[in-house]
Each structure stands twice: as C-alpha cells, then as structure tokens.
There are 2 protein chains.
Amino acid sequence: MTEIEKTLENKGVRPTAMRILIYKYLAEKEVAIALTDMENAFSKADRTTLYRTLKTFEEKRIVHQIDDGTNISKYALCEPGCNCEMEQDLHLHFHCDNCDETVCLTEHKIPHINLPDGYVAENANLVIKGICDKCSGQ
Amino acid sequence: MTEIEKTLENKGVRPTAMRILIYKYLAEKEVAIALTDMENAFSKADRTTLYRTLKTFEEKRIVHQIDDGTNISKYALCEPGCNCEMEQDLHLHFHCDNCDETVCLTEHKIPHINLPDGYVAENANLVIKGICDKCSGQ
DNA sequence: CAATAATTGCACTTCCGTTGCATGAAACAA
DNA sequence: TTGTTTCATGCAACGGAAGTGCAATTATTG
C-alpha cells in the first residue's frame, strides 16, 4: 500500500485507481487546478467523475477550494495536518494576471481582522492579484 | 440637474433615465447587488442593459465589483472620492452565510501583505464569511 | 457465490456571463 | 430645421461551468 493510498484511507476515502491518479496529479502541480485543467489532463475520464472526486476530496479535507476571482473554482492539496477551517491555517492565495495561474502561499496566513459588533467570522478568503515570480522575473 | 446626474457626468457617463434609476437603486441598498437582483427589481428593463450599465459604471469607477466567493459577481457603489485600485482604498467585504448578503466594510482596509520575492501585488480581495449583524442579533 | 454499496460514465439541465446585431434616442453639424 | 453620427437599449443567441438523475460498472461484504 502506497503513501497516497494510506493518505486517502486515513481521510475516509476509498483509494480507487482514478482517485490515486487525481491525487498524484494535484500533488505534482504547484498551482491550483480547475476542473477544466483536469478534463484536459485526463481526457479519458469523465468530467463528472473528476468533478465528484474533487467534491469528495474537498469534503474530506484532502483539498481546499480556492476562489481566485476568476469565477472558476480551483483546488489545491491541503498541507499535511492542515485544518483549512481553523483561522490559523487560513493562508492567502496569489493570482497572476499574466499567466492566469493561482498559487497557495501557505506561509502567509490571513491576518486576524476585528469586525464590527454583531459580525461573526467563520471563514476568510484573501486573494492578492498581480504578477507572479515566474512572470516578473524576466 | 440633480446630484446623481452631476455625479454621472463627472465620471464621464451620460445620465440617461435608465442609468439614473440604476444608480438610485444601488444607492438605496446597503448590500452588494448581483445582476439577477437587478433583473428582479427592474423587470421592465433588459438583462443586457443592466449588465452593460454595471460594466460601464465599473469602468468609470462608479461601482466596484465584488467577488464574495459565491461565484456570482456583485456590485456596490464606490465611496465618494474612492480610488478602488489604490491599496489604501481596498476595503474588505463580508458575506453572510445565513442571509447570503454581502456588504462592504469600507472602514476596514485590507492590511498590507509582504509577498515573497518576485511577486508584485496590484490588487487584493479579502472576503470574510460568517454571520452578519442582522442575522446574529436575534 | 450472491447481495449490497460505492464509484464511474453518459445525458441533460440550469445558471450566469457575454457578444452580435438591429433598433431607438440623443447629440451634433450644416 | 434636417440629416448624420454617436451612443444606449433591446432581442436573440452562444458558451462555459456547475450541478443532477439514472444506468452501468466495480468493489466490498456476508
């Protein structure tokens, strides 16, 4: 049993061949992945399967969904031991307007915000837009 | 010539009857408005007109677009004298998971973030999700 | 092995954003 | 004023992405 299979089982997801492939794909990309990206990468697999796999992964905290302002949902693997919902694990994301890629900046946590009376914060999403290191480097 | 007409002209937008109505509608709501909301409010007007009016307003810095994570674009009037693009004018938004409304917290600016080398920030979007004052109050 | 449950694939729907083109209204020039 | 141009509006349609129902396949369990 491989590392990935163990990981999936620990999270309560049956490690099917398809899911292992999808997990590997997400692991080797360092950018957030949209459903369309997956469709292109797995032309043999059905869109629905990819869609539902991502939803399952999200539900089981294997990936987190990223909303980078493009109105296209993207996904990235959670860090080992991450609790995406906890305030201390909420990192920010960077979207490059040039190459259109979105990356997790896991080291950069979202600062705590004091809200007006009556507002109860449960989650937060911070996206910085601009030019990424690869595109600005040249 | 009314205040609204002056405002529109100052921003370089011809103050047509339709646009004045739309501006008024945005002004009297304190929440961010989606295109669908406008369709319901202006059942006589065409969707495209509302859509293009919002785009024109956005371009001329009369409204700013808000991406609250619902994958539905929303819009709200800019503060007088606001430069939506400037870092000091970037405020955060709050999305209530109960009533599904999104509001501008114009007093709460997005804190400055130090990015890794090579990353150039040009814009930022911070959305806090949770329960708003109206929904938590009771 | 049979019976059950979970996964995958196909077809289809819905919703939102967007565009092309024709019509109508307003501004402008003669 | 009339004619011309420019801009605004309305209608129709497209396209992408998210989501759902159901049948078929595969895995798990007894």
Side-chain angles (χ1 to χ4, degrees), chain A residues 1-2 4-5 8-25 32-60 62-75 95 100-102, chain B residues 1-2 4-5 7-26 32-60 62-76 95 100 102:
Chain A
M1 199 187 230
T2 70
I4 294 179
E5 289 179 77
L8 293 180
E9 290 228 322
N10 285 340
K11 300 274 190 174
V13 173
R14 281 222 299 239
T16 67
M18 189 83 258
R19 285 170 174 171
I20 293 169
L21 280 176
I22 292 174
Y23 190 99
K24 275 186 190 163
Y25 180 76
I33 302 297
L35 183 56
T36 313
D37 300 328
M38 300 260 290
E39 280 185 69
N40 297 332
F42 296 85
S43 47
K44 296 194 74 173
D46 187 76
R47 236 196 48 239
T48 316
T49 304
L50 300 169
Y51 172 75
R52 284 202 252 244
T53 301
L54 286 173
K55 285 292 168 196
T56 305
F57 280 12
E58 188 189 2
E59 202 177 306
K60 301 294 187 177
I62 296 170
V63 302
H64 57 281
Q65 194 192 36
I66 300 164
D67 176 31
D68 61 7
T70 60
N71 275 356
I72 297 172
S73 292
K74 294 180 182 161
Y75 300 85
H95 175 79
D100 204 43
E101 284 187 346
T102 300
Chain B
M1 200 184 228
T2 69
I4 293 179
E5 288 179 77
T7 307
L8 292 181
E9 289 228 323
N10 284 341
K11 300 274 190 173
V13 173
R14 279 222 299 243
T16 66
M18 189 84 256
R19 285 169 174 173
I20 293 169
L21 280 176
I22 292 174
Y23 189 99
K24 276 186 190 164
Y25 179 76
L26 289 165
I33 302 296
L35 182 56
T36 313
D37 300 328
M38 301 261 289
E39 280 185 69
N40 297 333
F42 296 85
S43 46
K44 297 193 76 173
D46 188 78
R47 231 165 67 91
T48 317
T49 305
L50 300 169
Y51 171 75
R52 283 202 253 243
T53 302
L54 286 173
K55 284 290 167 197
T56 306
F57 280 12
E58 187 189 4
E59 204 176 303
K60 302 294 186 176
I62 296 170
V63 302
H64 57 280
Q65 195 193 37
I66 300 163
D67 177 33
D68 62 6
T70 59
N71 274 357
I72 296 172
S73 292
K74 293 179 183 161
Y75 300 86
H95 175 79
D100 204 44
T102 300

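Proteins get letters first, then strands, A, B, ... in listed order; numbering begins at 1 in each.
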### Query
Donor-acceptor pair, A:Asn40 side chain versus A:Asp37 backbone, under 3.5 Å?
no
### Message
Under the criterion side-chain contact (heavy atoms from CB on, under 4.5 Å), I'd like the reasoning laid out for A:Gln65 against A:Lys55: C-alpha separation, chi angles, the key distance, then a yes or no.
### Response
CA-CA 9 Å; A:Gln65 194 192 36; A:Lys55 285 292 168 196; 4.0 Å; yes
### Task
Whole angstrom is fine here: how far is it from CG in A:Leu21 over to C1' in C:dT8?
14 Å
### Message
Quick check on DNA chain D: between B:Thr49 and A:Asn71, whose nearest nucleotide comes earlier from the 5' end?
### Response
B:Thr49
### Message
Under 4.0 Å, heavy atoms only, any strand: does A:Arg14 hit a base, just the sugar-phosphate, or nothing?
### Response
sugar-phosphate
### Message
Does a side-chain N or O of B:Thr53 approach OP1 or OP2 of D:dA8 to a distance below 4.0 Å, or not?
### Response
no
### Query
Any side-chain heavy-atom pair from B:Phe42 and B:Thr49 closer than 4.5 angstrom?
no
### Task
Rounded off to whole Å, could you give me the CD-to-P distance for the A:Glu39 and C:dC10 pair?
13 Å
### Message
Of the listed nucleotides (D:dG19, D:dA18, D:dA8), which one gets closest to any side-chain atom of B:Arg19?
### Response
D:dA8
### Query
Do B:Lys74 and B:Asp67 have side-chain heavy atoms sitting under 4.5 Å apart?
no
### Query
Within the structure, does a side-chain N or O atom of B:Thr48 lie under 4.0 Å from either OP1 or OP2 of D:dT9?
no
### Task
Starting from P on C:dC21, measure out to CG on B:Asp46 and report it in whole angstrom.
17 Å
### Summary
B:Glu9 CD to D:dA8 C1', in whole Å, measures 15 Å
### Task
Find the distance A:Leu8:CG to C:dT7:P and express it as a whole number of Å.
11 Å
### Message
What is the separation between atom CD on A:Glu59 and atom P on C:dT7, rounded to the nearest whole Å?
### Response
11 Å
#### Entry: Pair of N/O donor and acceptor under 3.5 Å linking D:dG16 base with A:Arg47 side chain
no
### Rounded distance in Å - CG (A:Leu35) to C1' (D:dA17)
8 Å
### Presence of B:Ser73 side-chain N/O under 4.0 Å of C:dG17 phosphate oxygens OP1/OP2
yes
### Distance below 4.0 Å between B:Lys55 side-chain N/O and C:dG17 OP1 or OP2
no
### Query
Yes or no on side-chain contact (heavy atoms from CB on, under 4.5 Å) for A:His64 and A:Ile66, after CA distance, side-chain angles and deciding distance?
CA-CA 6 Å; A:His64 57 281; A:Ile66 300 164; 3.7 Å; yes
### Message
Is there, by distance only and without an angle test, a donor paired with an acceptor across the side chain of A:Arg52 and the base of C:dG9 below 3.5 Å?
### Response
yes
#### Entry: Short side-chain N/O contact from A:Tyr51 to OP1 or OP2 of D:dA17, under 4.0 Å
no
### Distance, rounded to the nearest Å, where B:Met38 contributes CE and D:dG10 contributes P
12 Å
